[in-house]
> 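Questions regarding the structure given below will be posed in turn.
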There are 4 protein chains.
Amino acid sequence: MTSGEGPPRRGRGRPRTPGAEEKILNAALDEYGERGWAGFTMDGVARRAGVGKSTVYLRWPDKDALLTDAVTNRGMELTAVDTGSLEGDLRQLAVNMLRHFHSPGGWASMRVTFDCASSPERLGDFSEAVSQVHGRQVEQICLRAIERGEMIEDFPLGAVTEAIYGAAMVNSLSERLEGRTDDDEAIDTRAAFVVAMVLGGIATPQTRSTPHS
Amino acid sequence: MTSGEGPPRRGRGRPRTPGAEEKILNAALDEYGERGWAGFTMDGVARRAGVGKSTVYLRWPDKDALLTDAVTNRGMELTAVDTGSLEGDLRQLAVNMLRHFHSPGGWASMRVTFDCASSPERLGDFSEAVSQVHGRQVEQICLRAIERGEMIEDFPLGAVTEAIYGAAMVNSLSERLEGRTDDDEAIDTRAAFVVAMVLGGIATPQTRSTPHS
Amino acid sequence: MTSGEGPPRRGRGRPRTPGAEEKILNAALDEYGERGWAGFTMDGVARRAGVGKSTVYLRWPDKDALLTDAVTNRGMELTAVDTGSLEGDLRQLAVNMLRHFHSPGGWASMRVTFDCASSPERLGDFSEAVSQVHGRQVEQICLRAIERGEMIEDFPLGAVTEAIYGAAMVNSLSERLEGRTDDDEAIDTRAAFVVAMVLGGIATPQTRSTPHS
Amino acid sequence: MTSGEGPPRRGRGRPRTPGAEEKILNAALDEYGERGWAGFTMDGVARRAGVGKSTVYLRWPDKDALLTDAVTNRGMELTAVDTGSLEGDLRQLAVNMLRHFHSPGGWASMRVTFDCASSPERLGDFSEAVSQVHGRQVEQICLRAIERGEMIEDFPLGAVTEAIYGAAMVNSLSERLEGRTDDDEAIDTRAAFVVAMVLGGIATPQTRSTPHS
DNA sequence: CTATAATCGAGACGGTACGTCACGTCTTGAT
DNA sequence: ATCAAGACGTGACGTACCGTCTCGATTATAG
């Protein structure tokens, strides 16, 4: 995803400084995390990275591209999940997502995602990447579960994705709005409840009619 | 919520032009909707509102405050819900939320909410307002349902809120990222599935263990 | 010269506050003296005078008019001179002028005069006033001296005026530029030398005493 | 005198555009001349110079500094004078000064000088420059004349300076106030009279020719 | 070993929006 | 009718950032 990686640039001339991309991306994420969008400055990123502005603009065409790229690289480290059971998979996934959105990088990633979704012109690679990463996980988990007979068929998998990802997002959002600081235990507990709801619902058994009529 | 409420304004001096707040807020939302964040200009808002910049800065200290306020005022018009049954309430709520986040105003409102959550310094009234509006709805619905015996007890209502609101958010997000344009029918269908999931779960009956052990 | 003095305003309605003109003119001169042209503010004048802006604008149409008027009223208190001899008259006049331009009011008056001379559009009453006050003095002194046979004829009186007034101006200017603070004695001495220089040139030979006694 | 001389500018970074100072100073003088103080705008200067505002503010801290500098650079081109006789020197000097103050640049220079003298904080280089340029001329002329025996000793040279410079100033001032437009002949005639007056006073008797020939 | 050339840091450049401030006008309730 | 207070539309102020550019210095390969 990094723009700076095309052909390996074999040839004459000074090669690009090896650690530069790394330093710049880190600096970009840090600046974005600390100062928010309004305070996110190209000059600031370059200064924090200890690098000239030309070094930045040689690699990314503009501010948006840099931020998008930073977030894409650092903000999507979601490892695949396969515990053998639907509940285990979803529990693991929910914990991952909650931790992800609670971390500075994951939070920044999400904000940039919303920014991208608001500007139709630069929906380029980013939206695909997001869809891929975020959507495929649940899809694969559910397909395996259906194969094992653990999950009903004919249910739109997108709804499951949206509920789990959305719950993690809103949980992180409310944590910030209310000034809480959730520890790992709180996150695990919340993940358990969300998965329980997704798996079994919140209705009492007697009122539970056939859900998908 | 309007920032313009400071001292009680004893009758000295020319009173503030009555319609100005209204005009400015409308102009701000229009500019934000048409031109996006990047093209959202204080001069532009003032010009569109037919007002001087000082009139704007007399009421809101800066750009962020104006946008936040505009979005808070126009973006939260969520009517209460009471259909008599848990499923009906949640269905209605889910439809409302989906429509809300799919509309330009609701989408903008959400983005500003994320911006506020990222800048700890101005979490003032806004976070309370959001929590109030967004959290109380589900709480009241669920409390009524528990009273009617339709819903299990001892389930954290926050998880329900987060799932429904989050699902609506992510649904709107993916609509934009993927370039779809969902019609009302698609929205209603998606709302039905989400509510079904929340109410009854997605696990097959035979694998359904006691969820809350 | 004060704009506020037309018809005595006999009639219905509240009469104008008696001391207002005075207070405003004083405040204007003080502000101009302390802060210079750039820091000279209508709001500042009104505040210092303890008066609303409308009270000011009711009397003078704009900033220039107020400043011009303030300076004309306070800065031109040049009493007529008639000692009986040319040397005595000029000496008295030179001392007056030097004291005038060294005083805050006189200095301000001069600056405003230059401002007026630079803006051809508002040369209205002011330039006439200046010419009157500044030119007639020397003219009358010289005419009397010619009549007494103390001064040569056919010499342009304007040149005498310009030399005396100009010397006083430049003396005050250089005092400020060089950070000096001339006392009365220094001023009197300088006046004596200037008059000696002027007299040596314009006096007829028979009345010409040793010029530098 | 140009403010643009700070650190020696080691060769790092892009060098400042060579012709920029020149262009900006010219644009500033033109704008000041055409539009006067009220219409003298930093944006206007930058636009006329074909330059961004940052380029201007990189060199001068504010409006006053730019105008002062423009006027100092362009407004002081007074060539030295040495005709061999006191009368010749003073005549030449008086003509120079009259022409100077009658020209737009010289007039502007003088106004800025008065502004500087009114604001004690920025009397920095400017006052020295003015004193140097304006005072030394007369001093040198007189010293040479004393050496030649053409001028009495023990006369304060400052008084001579002040009379000649002041006369030129007031002459130009009254020209503007009265709406005259003096041609070169009028200026020369006036210079002759002023010098005659000054000489009659300061010349020793033996070199004193008939002053008004 | 030298020439060529891409990259580096630094920072000036033309623009544009920011948030402030003053102008001169206006609108209020009180005198 | 005038007062004090202060909001109004306008427009310049001086600052900060964008993305581009130009410099001298560095660092590699190509000849």
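So you know, we letter chains A, B, ... as the sequences are listed, proteins then strands, and number each from 1.
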> Return the nearest nucleotide to the side chain of Pro15(A); candidates are dA5(F), dT27(F), dA30(F).
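The answer is dT27(F).
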> Keeping the roles fixed (side chain from Arg111(A), backbone from Trp107(A)), state whether a donor-acceptor pair exists under 3.5 Å.
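Not at all, since once roles are kept as given, no pair shorter than 3.5 Å links the two residues.
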> Does the dG9(F) base have a donor-acceptor partner in the side chain of Thr55(B) within less than 3.5 Å?
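By the distance-only test, no, there is no pair.
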> Rounded to whole Å, how long is the line connecting atom CE of Met42(B) with atom C1' of dT20(E)?
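Rounded to whole Å, this separation is 12 Å.
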> Is Thr41(D) touching bases, backbone alone, or none of the nucleic acid, heavy atoms closer than 4.0 Å?
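The residue Thr41(D) makes sugar-phosphate contact but no base contact.
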> Rounded to whole angstroms, how far apart are CG on Leu66(C) and P on dG24(E)?
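So the CG-P distance, Leu66(C) to dG24(E), works out to 10 Å.
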> With a cut-off of less than 4.0 Å, is there a side-chain N or O of Arg59(B) near OP1 or OP2 of dC8(F)?
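Yes, within the criterion.
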> Measure the distance from OH on Tyr57(D) to P on dA12(F) and round it to the nearest whole Å.
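Atom OH in Tyr57(D) sits about 12 Å away from atom P in dA12(F).
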> When you check the phosphate oxygens OP1 and OP2 of dA22(E), does a side-chain N or O of Arg47(C) lie under 4.0 Å from one of them?
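No, Arg47(C) has no side-chain N/O under 4.0 Å of OP1/OP2 on dA22(E).
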> For a side chain to side chain contact (heavy atoms under 4.5 Å, CB included) with Ile24(D), tell me which candidate from Leu29(D), Leu66(D), Asp69(D) qualifies.
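Answer to the side chain to side chain contact (heavy atoms under 4.5 Å, CB included) test with Ile24(D) among Leu29(D), Leu66(D), Asp69(D): Leu66(D).
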> Within this structure, what is the CZ-to-C1' distance between Phe40(D) and dC13(F), rounded to whole angstrom?
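Result: 13 Å.
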> Is the phosphate of dT2(F) approached by Arg16(C) (side-chain N or O, under 4.0 Å from OP1 or OP2)?
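So the side chain of Arg16(C) is within the cut-off, an N or O lying under 4.0 Å from OP1 or OP2 of dT2(F).
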> Distance from Phe40(A) atom CZ to Arg35(A) atom CZ, nearest 0.5 Å?
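Reported value, rounded in 0.5 Å steps: 11.0 Å.
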> Within the structure shown, what part of the strands sits under 4.0 Å from Gly50(D) by heavy-atom distance: base, sugar-phosphate, or nothing?
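Sugar-phosphate, backbone atoms only, no base.
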> Of Gly44(D) and Ser54(B), whose nearest nucleotide on DNA chain F comes first from the 5' end?
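Upstream on the strand: Ser54(B).
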> dT7(E) C1' sits how many Å from Lys23(A) NZ, rounded?
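The answer, rounded to whole Å, is 13 Å.
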> To the nearest Å, how far apart are Trp60(B) CH2 and dC18(E) P?
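Going from Trp60(B) (CH2) to dC18(E) (P), I get 15 Å.
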> Quick one: is Thr17(C) getting a side-chain N or O under 4.0 Å of the dC3(F) phosphate, OP1 or OP2?
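For dC3(F), OP1/OP2 do have a side-chain N/O of Thr17(C) under 4.0 Å.
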> Does dG19(F) have OP1 or OP2 under 4.0 Å away from a side-chain N or O of Lys63(A)?
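Lys63(A) to dG19(F) OP1/OP2: no side-chain N or O under 4.0 Å.
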> Taking the nucleotide of DNA chain E with the closest heavy atom to each, which residue, Asp62(C) or Asp43(D), is nearer the 5' end?
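The residue closer to the strand's 5' end, by nearest nucleotide, is Asp43(D).
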> Starting at atom CD of Glu21(B), determine the distance to atom P of dA7(F), rounded to an integer number of angstrom.
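Taking atom P of dA7(F) as the reference, CD of Glu21(B) is at 12 Å.
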> Nearest to the side chain of Arg14(A) - dT7(E), dA22(E), dT29(F)?
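Nucleotide nearest to Arg14(A)'s side chain: dT7(E).
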> Between Asp62(C) and Tyr57(C), which heavy-atom pair has the shortest distance, and what is it?
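For Asp62(C) versus Tyr57(C), the nearest heavy atoms are CA-CE2, 4.2 Å.
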> Relative to the 5' end of DNA chain E, which residue comes earlier, Lys53(C) or Leu58(A), by the nucleotide with the nearest heavy atom?
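Residue closer to the 5' terminus by nearest nucleotide: Leu58(A).
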> Do the side chains of Glu34(D) and Arg48(D) get close enough for a salt bridge, i.e. N-O under 4.0 angstrom?
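Between Arg48(D) and Glu34(D) there is a salt bridge, with a charged N closer than 4.0 Å to a carboxylate O.
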> Tell me the interatomic distance from Asp64(B), atom CG, to dA17(E), atom P, rounded to whole angstroms.
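Spelled out: CG on Asp64(B) to P on dA17(E) is 17 Å.
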> Mind checking side chain to side chain contact (heavy atoms under 4.5 Å, CB included) for Thr17(C) and listing every partner two or more places apart, or none if nothing turns up?
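Scan of Thr17(C) (side chain to side chain contact (heavy atoms under 4.5 Å, CB included), adjacent residues dropped) gives Arg14(C), Ala20(C).
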